2 protein chains.
Amino acid sequence: MTAIDTSASVDSRRAWEVVLQHIEADLLAGRLVPGDHLPAERALSSELGVGRSSVREALRVLEVLGLIRTQTGSGPQSGAIIIARPSGGMSSLMRLQVAAQGFDVRDVVKTRLVLEAAVVTELAEASAAALDSAPLDLGDAVRLLDAMDADGRVSEAEFLALDAAFHLALAELSGNAVIASMMAGLRNSIESYVLAGVPNLRSWAETSGRLRHEHRAIIAAIESGDAESARDIVNAHITGYYAETNFISTSEQRTSDG
Amino acid sequence: MTAIDTSASVDSRRAWEVVLQHIEADLLAGRLVPGDHLPAERALSSELGVGRSSVREALRVLEVLGLIRTQTGSGPQSGAIIIARPSGGMSSLMRLQVAAQGFDVRDVVKTRLVLEAAVVTELAEASAAALDSAPLDLGDAVRLLDAMDADGRVSEAEFLALDAAFHLALAELSGNAVIASMMAGLRNSIESYVLAGVPNLRSWAETSGRLRHEHRAIIAAIESGDAESARDIVNAHITGYYAETNFISTSEQRTSDG
DNA sequence: TCGTATGCTGTGGCCTGACCACATGGCCTG
DNA sequence: CAGGCCATGTGGTCAGGCCACAGCATACGA
């Protein structure tokens with residue numbers, strides 16, 4: 001009796017899809033913008049004529065995709081709030097697709113290579129073009145490199161986490177949120193593989209030293225506006241690591257396999 | 001009385017996260033592979049000691065992310081089945097993030113440019129390298145071009161849909177599922193903007209003719225193994241369209257805005 | 001008067017039980 | 001042997017309840 005089924009008596013869409021599309025429409029129309037509160041679950045439920053559990057299913061999806069943040073209790077911070085943080089959703093998506101064999105790990109690495117090259121190219125060109133105006137502050141990235149230089153006091157896992165953060169920082173500095181979140185997701189999805197490869201290294205000290213050196217070289221190439229060499233270094237940087245860990249033979253990917 | 005709370009009496013994870021992580025663990029361990037059936041919702045519920053609604057929230061997430069397909073009824077096709085189709089999830093994610101202003105449309109276009117260039121580069125290089133062995137069949141893509149040539153009998157929307165399919169086909173031919181699904185998501189997320197830009201064109205006939213010509217040129221460049229010109233053409237192809245629709249002035253993106 | 005304590009209220013989180021539509025597969029009947 | 005019928009198990013959905021939690025207003029005490 002709650003739902004009025006005049007018009008579209010048979011709604012082919014499932015109830016939770018109705019909720020999802022309703023919210024998407026509100027977003028597209030600008031009726032909902034980041035920072036706004038969604039109506040309470042019970043309100044949304046009666047407003048749309050669906051059960052609260054269906055509303056919750058839709059909200060769960062939005063939460064995983066990084067569109068909303070939920071909080072119990074009362075007050076301004078409670079409820080479901082639009083946040084629009086893509087990285088979390090991208091990470092979940094890629095991690096699960098890799099787990100479910102929808103994504104081949106080699107393709108993840110190759111894609112990361114493509115995006116990473118695009119990022120440093122863009123940064124280098126921006127640096128070259130803006131020598132006079134804005135000086136292109138790479139401080140965030142450099143600080144991470146400094147943290148990685150605390151030799152001996154940084155575990156393998158910590159080092160690799162900082163490494164990931166460094167590459168992510170570069171992506172964010174390029175100003176492209178799409179690429180940045182993709183990079184976050186790609187890296188996140190193969191995190192466990194990266195860690196698992198460490199024992200295969202001949203010498204962690206040697207490898208980490210090389211990685212640190214390459215990082216500095218990337219920064220230097222960007223600052224000097226040398227896009228081409230930045231691209232080459234980052235290429236060798238990533239390819240080299242995976243080759244050393246025997247994680248993937250990047251030289252002969254997908255030559256003739258299905 | 002159903003849930004036994006020995007060990008980990010306070011589970012900080014929310015109930016639906018427990019379900020999600022359980023399934024993810026099964027995927028990673030290979031206990032679940034594409035084609036397999038998930039346990040029934042009620043079984044999963046009692047097995048994990050959570051309510052069925054929580055199980056459903058997790059399944060909903062998996063469904064939107066493209067990991068499972070659900071079907072009512074009984075028989076071999078009913079229930080939740082692992083499918084691992086990333087495109088749908090990528091599309092949802094990007095579409096909603098664009099709607100929620102988490103992604104700037106200009107960044108979406110720029111990212112598409114990067115990926116598209118990588119795709120045609122890879123295809124061209126593969127074509128050049130495999131002149132003797134496998135002849136690199138572009139048939140799928142070419143058939144789409146043929147369909148677009150039915151001049152006058154293809155509406156704007158249909159033409160643009162075929163255009164999208166063409167670019168997606170190229171991505172899939174490159175063999176990289178990650179890039180292919182990203183391209184699908186990127187294109188999908190700006191679908192409405194692309195369509196909305198059509199009225200801004202000086203002449204649809206002129207533009208569509210140019211697009212068709214450029215498509216053929218891309219194919220030709222790939223087949224001749226000319227990666228560089230393939231990249232240039234695809235770049236001009238995409239940039240040109242958006243410039244013509246005044247949808248975005250690709251020449252001066254993000255020069256000094258926040 | 002001021003500060004604190006206390007309870008009210010509204011939020012999401014979760015569970016239970018119930019019903020429905022549906023698809024299958026076996027059983028029963030003609 | 002063929003065809004129809006129903007038992008069974010599935011996801012889809014709803015209603016209602018309880019809980020923990022956070023804020024806020026109110027009342028009370030210093």
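Within every chain, numbering begins at 1; the chains are lettered A, B, ... in the order of the sequence lines, protein sequences first and strands thereafter. What you see is a predicted model, and the numbers here were worked out from it, not measured in a lab.
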message: Rounded to whole Å, how long is the line connecting atom CH2 of B/Trp16 with atom C1' of C/dC15?
response: 17 Å
- line: When rounded to whole Å, the CG to C1' distance for the pair A/Leu59 and C/dC14 reads 14 Å
query: Any side-chain N or O of B/Arg60 less than 4.0 Å from the OP1 or OP2 oxygen of D/dG12?
result: yes
task: Mind checking A/Gly51 for me? I need base, sugar-phosphate or nothing, with any heavy atom below 4.0 Å counting as a touch.
output: sugar-phosphate
- prompt: Roughly, in whole Å, what's the span from CD in A/Gln71 to P in D/dC21?
  reply: 12 Å
query: If you look at every strand shown and take non-hydrogen atoms under 4.0 Å, does B/Gly75 touch a base, only sugar-phosphate, or nothing?
result: sugar-phosphate
message: Output the rounded distance in Å from CD (A/Glu57) to P (D/dG11).
response: 12 Å
message: From CG of A/Leu20 over to C1' of D/dG12, roughly how many Å is that when rounded to an integer?
response: 16 Å
- request: Determine the interplanar angle of the A/His215 and A/His167 rings, folded into 0 to 90°, and report it as parallel if under 30°, tilted if 30 to 60°, perpendicular if over 60°.
  value: perpendicular
- prompt: Any side-chain N or O of B/Thr70 under 4.0 Å from OP1/OP2 of D/dT10?
  reply: no
- prompt: Which is true for B/Ser53 with a 4.0 Å heavy-atom rule: it touches a base, it touches only sugar-phosphate, or it touches nothing?
  reply: base
task: Check the distance between D/dT10's C1' and B/Gln77's CD and give it to me in whole angstrom.
output: 13 Å
- request: Measure the distance from CD on A/Glu41 to P on D/dC14 and round it to the nearest whole Å.
  value: 14 Å
message: Take a 6.0 Å sphere around CZ of A/Arg85 and say whether it holds more than 12 heavy atoms from other residues, nucleotides or ligands.
response: no
- prompt: Which part of the nucleic acid does B/Arg69 contact within heavy-atom distance under 4.0 Å: base, sugar-phosphate only, or nothing?
  reply: nothing
message: Using the side-chain heavy atoms of B/Thr72, tell me which of these nucleotides is nearest: D/dG23, C/dG25, C/dC22.
response: C/dC22
field: Donor-acceptor pair (no angle test) under 3.5 Å: A/Arg42 side chain, C/dG12 base
entry: yes
task: Using only heavy-atom distances, decide whether a donor-acceptor pair under 3.5 angstrom links the side-chain of A/Arg52 to the base of D/dG17.
output: yes
query: Shortest non-hydrogen contact from B/Ser91 to B/Ala184?
result: OG-O, 3.8 Å
- prompt: Can a side chain N or O of B/Ser54 be found less than 4.0 Å away from OP1 or OP2 on C/dC15?
  reply: yes
query: Just checking, any donor-acceptor pair under 3.5 angstrom between side chains of B/Arg106 and B/Tyr242?
result: no
message: Let's test this: given Watson-Crick or G-U wobble pairing with both distances under 3.5 Å, identify the partner of C/dG30.
response: D/dC1
task: Hey, which sits more toward the 5' end of DNA chain D by its nearest nucleotide, A/Ser45 or A/Pro76?
output: A/Ser45
- prompt: Is the side chain of B/His37 donor-acceptor paired with the backbone N or O of B/Pro76 at a distance under 3.5 Å, no angle test?
  reply: yes
- line: To the nearest angstrom, the CZ-P distance between A/Arg56 and D/dG12 comes to 17 Å
